[in-house]
Each structure stands twice: as structure tokens, then as C-alpha cells.
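As the structure is a computational prediction, the values presented were derived from the model and not from experiment. Protein chains get the first letters and strands the later ones, always in sequence-line order, with residue 1 at the start of each.
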There are 2 protein chains.
Amino acid sequence: MTDLEQYLQTYFDFDQGDLVKVASFFKPEIVKKGEYYLKTGKLCQKLSFIQSGMLRIYVDLEDREVTQWICTQGYFVADLASLVFEKPARWNIQALADTTVYTIDKRDYDRLGEYIPRWPVTEKLFIAHCFTTLEDRVFSFLSMTAEQRYNLLFESHRDIFTQVPLQYIASMLGMTPETISRIRRKQLN
Amino acid sequence: MTDLEQYLQTYFDFDQGDLVKVASFFKPEIVKKGEYYLKTGKLCQKLSFIQSGMLRIYVDLEDREVTQWICTQGYFVADLASLVFEKPARWNIQALADTTVYTIDKRDYDRLGEYIPRWPVTEKLFIAHCFTTLEDRVFSFLSMTAEQRYNLLFESHRDIFTQVPLQYIASMLGMTPETISRIRRKQLN
DNA sequence: GAACATACTTGACCTAGATCAAGAAATCAG
DNA sequence: CTGATTTCTTGATCTAGGTCAAGTATGTTC
């Protein structure tokens, strides 16, 4: 079973038939380090599963850039708002390393319901799951210190910390790289 | 047309038949000032449209409470994660004033697809819309100062500021009431 | 309309985290 | 291997916003 099928089965509880059908719409695609999966202002017309590598979601402001999230192996990536509402993407999505993704085209994505009867339910759960992830994140900003947010991310996404420049991690946590450095030193005692 | 029908039409583009059908599942309910619409740990088995009044979504921590959002007239309210995934609610939802809502029971909600063929699409758009709202909010914490976040909320939800204790507004913005007080004074010049 | 509670403002002070600057490590290109 | 970039750490300093405490409004209740 491919990683994608594995993921689809674990998270969406598809039966064998649906699993193969859904997975068959996803085509492999390679995004080389530094290349863009998506650029701000374009339409996001695809959804991808990350087979290997990493993508950084960020936006350019006048004087700096803000990293919204770093997507790693085994997760999906897209500009959901752009994909669903067909409006220009807010985010740049750029490869931090050579990245292999399995991509489904929006056209196929929008037709999944024709092939998999329970797709609408599955899609709803998928988007609702994205929602709760963000809800947790908002809550972290309302209730936690920089150090607590750092620890939370470190526990849940340890892989990022070994492979991604600190400045990006800091930005997605809403702090500076220096602050992360100091948190680390402090935690060494 | 009721406010609920008005809302459903504006946001979901239902035709007249669907509109009436959907709206008929919502029953009026009154939550008196101070009473709870939902309590942390319970299952959220309903979704409501706020006809009048205000509800505060918050959670109790050991040493303080954190207000996640204040829901006002013309918006929907629920613990979405609890409603969709049938897990215990994270949030308390309490009336800040006598509040009239139109409520649809989860059982009816889950069956809307049987009556309105395009419900799955509509529901997806609804949840995706909730997602983008939170995405904007995360972005505000990553990119804005306290004053900028205050201004953003003030422009978009002016009604809250005249009717809700400052401490709750401050909490949902991730700052203290004193900070809001100082921002206000500063803006008077 | 007292008496009491709740909300808001203001000042004095403090601190988490930012900024700036300089080195030290690590990574990369040839 | 070597010089050039990029990243990471550390120190010195600064500042946005927090904390604490007091005073002033603004409600409620009887």
C-alpha cells in the first residue's frame, strides 16, 4: 500500500475499493528545493499529499515575510480557501527541500462525489479537521507563552526542527529566532 | 422573511423551496443572561443562529478564563468540533445578555442532506468559511501588534464594543483590558 | 438614593520577548 | 580543502504589553 493509501485509510476509513479509486486520481509530482508549489494571487487548483520533503506556506509583507505553516511528509497541502472558493491564493507555498507530492487536480477533486458516494461526508470531516487544527492554534496564541508554544510544536512536529531554518519555525510560532535560541539554551539548564 | 432565512439566502444561495425547508428545522430558543448554551465536556448536539443577543465562547483554565470569541446577532454558534466529531465540547458558551437563537438539532442537521440535495456542498462551504475565518485570525497573531488587532476587530464588529465587558474583548484579542484602555486613549490623541 | 458591585481608566513599575550587533557554527560551491 | 553564504547563538539594550494598585465611573438592588 502506498503512503497515500495508508493515510486515506487511516484518516477516512475508506474501504478497499474506494481507497484505490480515490488514490488513482492522485498523480506524482516533484517540487525541487526553492521551487513554488503555489504563488500568492494565483488560483489553487489542486490538493496534494506530501510523500517526502517539506513545503513552507508563507506570505510576503512589505518589510518581511510571515510563515504560516510548514507542511511535512504524510500531510496534505493546498490553499484551502483558494481551492474551495476559487479566489486568488493568499499564500506562497515553496519547497524547502526536494519534495515529492501526490496531486489531485481540482477538476477531479470536485468529481470525487460521483465515484465515492460517501465522499461528501469524508470531505466535510477533512475540512472540519483542518478547522480544529486552526482552532487549537488560535487557542495557543490566546493562552500560551512563547516557550509553551515552542514546546507544543516541538512535541508534535519534532521532524521540522532538525530540517528547517529556525527563522521559519520562529515565524510560524509568532516569535523571533533569537527567542527560540534562548528557549533552547534555557532548556539545556 | 425571517432573519434566519435572510442569512441562509445571502450566504448559501438556497432557492425559495430549500430555504423554507431548511429554516423549518430551526426552532426558537431563549438563553437568559448568564445561562449556558453549552458547557465544556458536554456533547454539542445543536447548531444555532443568533436572532438577538450575544453569546461568549470561553474556556476555564486553572487561574483564569480565556474568551475565544463573542458571537453576535446574525451569526451561527456551536462547538463545531464537538458537533461534527461527537467529542466532548472544549468550550463553554454563555449568554452575555438575554439571547434568542434559532436552533437545529444534530439529528435534524445530519439529515438535511435527505431533504436538500445540495446540502453537502453547502455544508462544506459553511465549514470552509469557518476555516478561513480562523486562518485570518491566526494570521493576525503572526503579523499584527495588539493595536492593529484591536483596530481590525473594532472595524469588523463595532457592535461588540458597546455591549461587552472589555475584559472579554481583551481576552479574545490576546491582550489585557488595560492595554485596550491605553489603545483607546492613544487614539483620542 | 444609599450601598454595593461591576466596569473602566490611569499611573508606576516590571518582564517577556524584540531588536541590533557581533561571533561562532554549519553548509555549500567550486 | 577553502572561501563564501547562510544559520545559529549570545550579549546588550529596548519596548510593547503585562501586572498591580488605586481611583473613578457606571450600574444594580432594595
Can you tell me how far [atom2] of [N] sits from [atom1] of [X], to the nearest Å?
| X | N | atom1 | atom2 | value |
| --- | --- | --- | --- | --- |
| B:F141 | C:dA18 | CZ | C1' | 18 Å |
| B:I183 | D:dG17 | CD1 | P | 7 Å |
| B:K33 | C:dT6 | NZ | C1' | 10 Å |
| A:L188 | D:dT10 | CG | P | 8 Å |
| A:Q187 | D:dT9 | CD | C1' | 16 Å |
| A:Q148 | C:dA16 | CD | C1' | 12 Å |
| A:F161 | D:dT9 | CZ | P | 12 Å |
| B:L166 | D:dA25 | CG | P | 17 Å |

Look at the side-chain N and O atoms of [X] and state whether any lies under 4.0 Å from the OP1 or OP2 oxygen of [N].
| X | N | answer |
| --- | --- | --- |
| A:Q167 | D:dC8 | no |
| A:T176 | C:dG17 | no |
| A:R185 | D:dG11 | yes |

For the pair B:Y150 and B:F161, evaluate ring-ring contact (aromatic ring centres under 6.0 Å, His included) and give the outcome as yes or no after the intermediate values. CA-CA 10 Å; B:Y150 169 86; B:F161 289 81; 5.4 Å; yes
Using a strict threshold of under 4.0 Å (side-chain N to carboxylate O), is an ion pair present between A:R118 and A:D15?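 Looking at A:D15 and A:R118, the cut-off is not met.
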Only one of A:T40, A:T67, A:V66 passes side chain to side chain contact (heavy atoms under 4.5 Å, CB included) with A:Y58; say which it is.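 Considering A:T40, A:T67, A:V66, a side chain to side chain contact (heavy atoms under 4.5 Å, CB included) with A:Y58 is found only for A:T67.
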Select base, sugar-phosphate, or nothing to describe what A:R182 touches, counting heavy atoms under 4.0 Å on all strands.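 A:R182: base contact, heavy atoms under 4.0 Å.
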Which part of the nucleic acid, if any, lies within contact of A:E178, taking any heavy atom under 4.0 Å across all strands shown: a base, the sugar-phosphate backbone alone, or nothing?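 Since a base atom lies under 4.0 Å of A:E178, the category is base.
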Checking B:K21 against B:F14: charged group under 6.0 Å from the ring centre and within 45 degrees of the axis?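 B:K21 over B:F14 ring: no.
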Parallel, tilted or perpendicular: which describes the rings of B:F76 and B:F12, with under 30° parallel and over 60° perpendicular?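 Tilted.
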Residue [X], side-chain atoms from C-beta onward, closest of [options]:
| X | options | answer |
| --- | --- | --- |
| B:T145 | D:dG17, D:dG11, D:dT19 | D:dG17 |
| A:S181 | C:dA18, D:dT19, D:dT10 | D:dT10 |
| B:P165 | C:dA18, D:dG18, C:dC8 | C:dC8 |
| A:T179 | D:dC8, C:dC8, C:dA18 | C:dA18 |

